[in-house]
Every structure is written in C-alpha cells, then in structure tokens.
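All of these numbers come straight from a predicted model, not from anything done at the bench. Worth knowing before you read on, the calculation uses all heavy atoms, side chains too, and leaves out hydrogens, waters and symmetry mates.
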Amino acid sequence: MTTRERTYARANNQRAAQYTELWVIGRPEDIAAMVQVASASGRLVYASAPTRMPGDDNRHRRYLRLRTT
C-alpha cells in the first residue's frame with residue numbers, strides 16, 4: 001500500500017467515525033420526541049420519513065444519522 005493510499009484510507013475512516021447511523025423503531029410520538037431532542041442538540045444530520053412496520057404492527061421506523069462529536 002502506498003503512502004497516498006494509506007492517507008486516503010485514514011481520512012475515510014475518520015469521516016466514517018464522525019457519524020452513527022441507526023434505525024429507530026417505536027411509536028410515532030416517541031420517535032418524534034427523540035428526533036426533536038437530537039435536532040435541538042445539533043447532533044441530527046439526517047432523518048428519513050417515518051415508515052409503518054408491516055402487518056398489524058402500529059409502530060413506525062426511521063433511519064437516523066447522528067454526529068458523534
């Protein structure tokens with residue numbers, strides 16, 4: 001591996017370490033409160049639209065990307 005390749009790999013790892021990505025599943029009002037707190041703290045980077053869980057389940061799920069630093 002060349003020095004340039006090592007530098008590029010290190011930079012990519014540092015960028016990836018700045019974020020946490022997760023799927024949140026729960027009641028819509030609980031997820032909304034969580035998103036509001038994350039947004040108010042400045043950690044929220046991206047939140048997907050709420051999606052209903054399949055079947056008779058009345059919970060929703062959302063994808064969140066949060067800053068770790």
Side-chain angles (χ1 to χ4, degrees):
M1 183 180 273
T2 66
T3 303
R4 179 179 288 165
E5 289 170 336
R6 269 187 298 234
T7 303
Y8 182 74
R10 189 177 312 125
N12 280 345
N13 286 339
Q14 288 172 349
R15 270 187 244 124
Q18 294 176 0
Y19 301 104
T20 299
E21 299 174 340
L22 57 124
W23 284 96
V24 178
I25 299 173
R27 296 184 323 197
E29 57 272 11
D30 294 340
I31 295 175
M34 184 182 302
V35 168
Q36 185 177 17
V37 168
S39 179
S41 70
R43 297 210 180 258
L44 183 65
V45 176
Y46 175 79
S48 69
T51 306
R52 284 190 60 105
M53 297 296 289
D56 293 338
D57 197 354
N58 62 355
R59 297 178 302 166
H60 285 75
R61 72 175 175 202
R62 286 185 92 165
Y63 168 81
L64 300 178
R65 186 172 189 182
L66 306 171
R67 256 187 210 91
T68 56
T69 56

**Request:** Any chance you could lay out the side-chain contact (heavy atoms from CB on, under 4.5 Å) test for Val45 and Tyr19, step after step, and finish with the verdict?
**Result:** CA-CA 9 Å; Val45 176; Tyr19 301 104; 3.6 Å; yes
**Message:** Using side-chain contact (heavy atoms from CB on, under 4.5 Å), reason through Leu44 and Val35 one step at a time and then give a plain yes or no.
**Reply:** CA-CA 7 Å; Leu44 183 65; Val35 168; 3.8 Å; yes
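Heavy atoms of other residues, nucleotides or ligands lying less than 6.0 angstrom from CD of Gln36 number 12 at most.
The structure places CG of Leu64 at 9.5 Å from CH2 of Trp23, a figure rounded to the nearest 0.5 Å. If you take CZ on Arg61 and CD1 on Ile31, they are separated by 10.5 Å, rounding to the nearest 0.5 Å. Taking CD1 of Ile25 as the reference point, atom CG of Asp57 lies at 8.5 Å (rounded to 0.5 Å). Between the CE atom of Met53 and the NE2 atom of His60 there is a distance of 10.5 Å, given to the nearest 0.5 Å. Note: Leu22 CG to Tyr63 OH = 8.5 Å, rounded to the nearest 0.5 Å.
Under a 3.5 Å cut-off, the side chain of Arg43 and the backbone N or O of Arg67 do form a donor-acceptor pair. Of the possible donor and acceptor atoms, none in the side chain of Arg59 sits under 3.5 Å from a partner among the backbone N and O of Arg52. The closest donor-acceptor contact from the side chain of Thr68 to the backbone of Gln18 lies under 3.5 Å.
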